[in-house]
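Notes for the one structure printed next.
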Amino acid sequence: MPQQPPPTEASPNSTGMQQLERRMYLAFGTMIALMMLVILLLAGVYFKYSLNKAQDDLSTLLTSILSDSVSRISFSGKYQARLLLEDIKRQHNDIHYLLLADTNGEVIAHSTPQLNDTRLDPEALAVVQEVLRTQSRTIRALNHQGVSLREVTLPYYSSFDHQLAGVIQVGVSDRKLLSAVLRGGWFALLLGSTLLMLGLTLGLFYINKQFVSPVRLMASQLEGLLANSPNLIAIRNRAGALVACSDAYRRFFRLSNTLQQIDNRSLYQPEQADTMDRFIADIRESRATRQVEITVADPLGQPRIFQVNGFPILSNHGEVQLVGTFGVDLTDLRATEQALRHSLTEMQQASAAKSEFLSRMSHELRTPLNAIIGFSQVLQNDPLEPLSEEQHDNVDEILRAGRHLLDLINEILDLSRIENGHLEITLTRVAVSQMFDECRSLITPMADKRGISLVTLPCCPSESCSCRLVCDQLRTRQVLINLLSNAVKYNHDNGFVTLGCKRMAPEICRIMVQDTGNGIDPDFLPHLFDPFARGIPVGSGVEGTGIGLALAKRLVEAMGGQIGVESKPGVGSLFWFELPSDVAMQPDEVTKEADERFTVLHTDITTGHSTVLSIEDDPANQRLIRKLLANRPAITMLEADSAEDGLELLRNCRVDLVLMDINLPGMDGFEALAALRCTPETVDLPVIAISANAQQSEIDDALEAGFAAYLIKPVDVGQLFEQIDQCITPLKENAA
């Protein structure tokens, strides 16, 4: 890419602004010169007017003085007149001569005695005759003995009969007249000129401040923008030719500093040039902003992607005068976006691989857990060989450890579903009082073992709380049971657990669980909801995985709520979570619906006889089902370790119910079910799926395929019998 021009070299934009400033100052200077010329012309006219006015005033003054003097000396003769003129000249230095002449031009009296009784020269005599004829004064300029004079000639009259007697001439220096002009209007003219110059100076300062300085600032800002902007800024005329651009634009297209009008054909390839021509024409015709993305080769020949934003520049009359474009380089951004997409794809693949791994690990762990928990339940409930008290306690420990491991597997799967965005949330209206009753019934046995009292505080004035939550009932119950079980586990013996709710806003309800335990270390509170974080030392004897609270937080947030905790060491902790709430219900509107997923039915069918086929490839799990069904004498159990063997048995035997593992060698459970539905004898045969796969998508697929129920390993004994009874009972009733 070409180097930047040296700093000393003026850019075209800078040169253009300097030319604009020079034009402004030249126009203002021309205006001032014209005004000064007008002022000088006016001053000359005014000077001439003032000079004539001063002459008139001076002649009037001299006329009054001399007229009185002449009238007084008319009685005293020539001698007295001559003495008077000499005396007047001595008193007035600016008067060079005074004379008194008769009508024939003979000098009667002169301020210079040597000129008495002389005759006026022809030029002066002509002036005298003119004054005598018109009987008015005249003023003429002349040079007397090297001095510039103004000569005033005026008539005088006899004091006896007031007849025209002759003329009086006075020669006065021009300095007297000039001093009179200065004492009169000339000073005012100079003062006016000074004020005018001051006004022009202030006007120049104001124009510079209000117009020139802002223009200079705008020009400097524009020049700085064009010089330093990394974007490709260009100004084009109506024809699309380039008239101004930024330095980045000039460097990119390798343009010289002496920028001339350049069309798009000189800058782009033919295809890009056509695109830009249409782009500029569209802006000019629509008089609106437009945007286009274009690929241009840089000086090294590498393709660069630019987003070009165009806008019209209108004249005062609203016509499109210029078109501006602003090009932003998107090449690096596009590369980053591509890299992010690639990274996102890799993350999604890694997340899918993790989910697949967790699903497979869950399946592999649930299979032996099914045997551990199932055989432990068989040992506990074997009526033929009852366990001793010590053996019963040992089996309880096995069951407790197995169920704890099962809870850990379930929580890890739920946490993985939330992180992958695969957790399904079904929002319904749930009565808070009903949820409290169901959760209390599940927690009470745990609390009774340690003498912990459960206290419920309703938030409504009536005896029963009438608030309803808008939430997923199963997930909300999962969160509440987790908080209640923690409140019992981390409490003191004979302590208290308080359960309550509080309406925080018309559409927000807070559920609270408070214990009287040791509280939580304040330093640990910020990490309390992190996965696998536990606030008690390992080996303290309190069961826990550190996943429950992290899972509860994500479940609450997935339902549009929030969760928090307040704790004081040595006093206890208060856990709460807020969820959207329906408007308050009337007490008689409280529903009493029960969730069958939390109800264990112990129906014992003692009448009739049924045959159940168990298709299971794991010998331990098959043996467990055999042990469990042995407690039902009315049920005959058939076994098969593959789907193919099971289908063969169904062709030869009458079966009322099939318990089928999904993950079978060879034909899997879904294929086996499809084969059953294709045979008329087994098209309506109920089939219960038993699998270690706990993914919700797998459960939904199984139920949609036609399985009567889906049981997750380890299988709960009560739930197994409940599903068996629900499938067999209709058959017995129909047979009856």
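The first residue of the sequence shown is numbered 1, and numbering continues consecutively from there.
Between Met559 and Pro580, the closest heavy-atom pair is O-CD, 3.8 Å. Summarising the geometry of Val556 relative to Glu578, their closest heavy-atom pair is CG1-O, 4.0 Å, with the distance given to 0.1 Å. The two atoms that bring Cys501 and Cys509 nearest to each other are CB-SG, 4.1 Å, heavy atoms only. When all heavy atoms are compared, the tightest approach of Ile662 to Ala689 is CD1-CB, 3.7 Å. Residue Val470 comes nearest to Ser581 through the heavy atom pair CG2-C, 4.1 Å, listed as atom of the first residue, atom of the second, then distance. Nearest approach of Cys727 to Leu657, heavy atoms of both residues: CB-CD1, 3.8 Å.
Between the side chain of Arg468 and the backbone N or O of Val430, no donor-acceptor pair lies under 3.5 Å. No side-chain donor-acceptor contact under 3.5 Å links Arg510 to the backbone of Leu579. Side chain of Glu644 to backbone of Met667: a donor-acceptor contact under 3.5 angstrom is found. In this structure a side-chain-to-backbone donor-acceptor pair under 3.5 Å is missing from Arg626 to Leu629. Gln622 places a side-chain N or O within 3.5 Å of a backbone atom of Ser614 that can act as its donor or acceptor partner. When atom types are taken as modelled, the side chain of Arg677 and the backbone of Leu673 share no donor-acceptor pair closer than 3.5 angstrom. Using modelled atom types, no side-chain atom of Gln723 and backbone atom of Leu720 make a donor-acceptor pair closer than 3.5 Å. With hydrogens and angles disregarded, a donor-acceptor distance shorter than 3.5 Å links the side chain of Asp618 to the backbone of Asn621. At distances below 3.5 Å, at least one donor-acceptor pair connects side-chain atoms of Ser642 with backbone N or O atoms of Asp645. A donor-acceptor contact shorter than 3.5 Å is absent between the side chain of Ser567 and the backbone of Ser573.
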Stepwise side chain to side chain contact (heavy atoms under 4.5 Å, CB included) check, Phe575 with Ile520: CA-CA 11 Å; Phe575 283 84; Ile520 304 171; 3.8 Å; yes

Working for side chain to side chain contact (heavy atoms under 4.5 Å, CB included), residues Leu528 and Val565: CA-CA 9 Å; Leu528 185 62; Val565 61; 3.8 Å; yes

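Annotation: ring-ring contact (aromatic ring centres under 6.0 Å, His included) contacts involving residues 491-513, sequence neighbours excluded, are absent.
Contact annotation: the side chain of Val612 never approaches that of Val655 to less than 4.5 Å [non-hydrogen atoms, C-beta and beyond]. Counting heavy atoms from C-beta on, the side chains of Trp576 and Ile511 never come closer than 4.5 Å. In this structure the side chain of Leu613 reaches within 4.5 angstrom of the side chain of Leu650, judged on heavy atoms. Looking at Ile443 and Ser485, their side chains come closer than 4.5 Å, going by heavy atoms from C-beta outward. By the 4.5 Å heavy-atom criterion applied to side chains, Ile712 and Ile690 are not counted as neighbours. At a threshold of 4.5 Å between non-hydrogen side-chain atoms, the residues Asn491 and Thr516 count as touching. At a threshold of 4.5 Å between non-hydrogen side-chain atoms, the residues Asn663 and Ser691 count as touching. No side-chain heavy atom of Val513 sits under 4.5 Å from any side-chain heavy atom of Leu574.
With salt bridges taken as basic N to acidic carboxylate O contacts below 4.0 Å, one links Arg654 and Asp656.
In this view, Glu337 and Arg334, Arg341 satisfy the salt bridge (Lys or Arg N to Asp or Glu O under 4.0 Å) rule, not counting sequence neighbours. By the ring pair (Phe, Tyr, Trp, His ring centres under 6.0 Å) test, Phe707 is found to be paired with Phe670, residues two or more places apart in sequence or in another chain being considered.
In summary, of the residues considered (Leu454, Leu484, Thr456), a side-chain contact (heavy atoms from CB on, under 4.5 Å) with Phe436 occurs for Thr456 alone.
From Ile688, atom CD1 reaches atom CG of Asp661 across 13.5 Å, with rounding to the nearest 0.5 Å.
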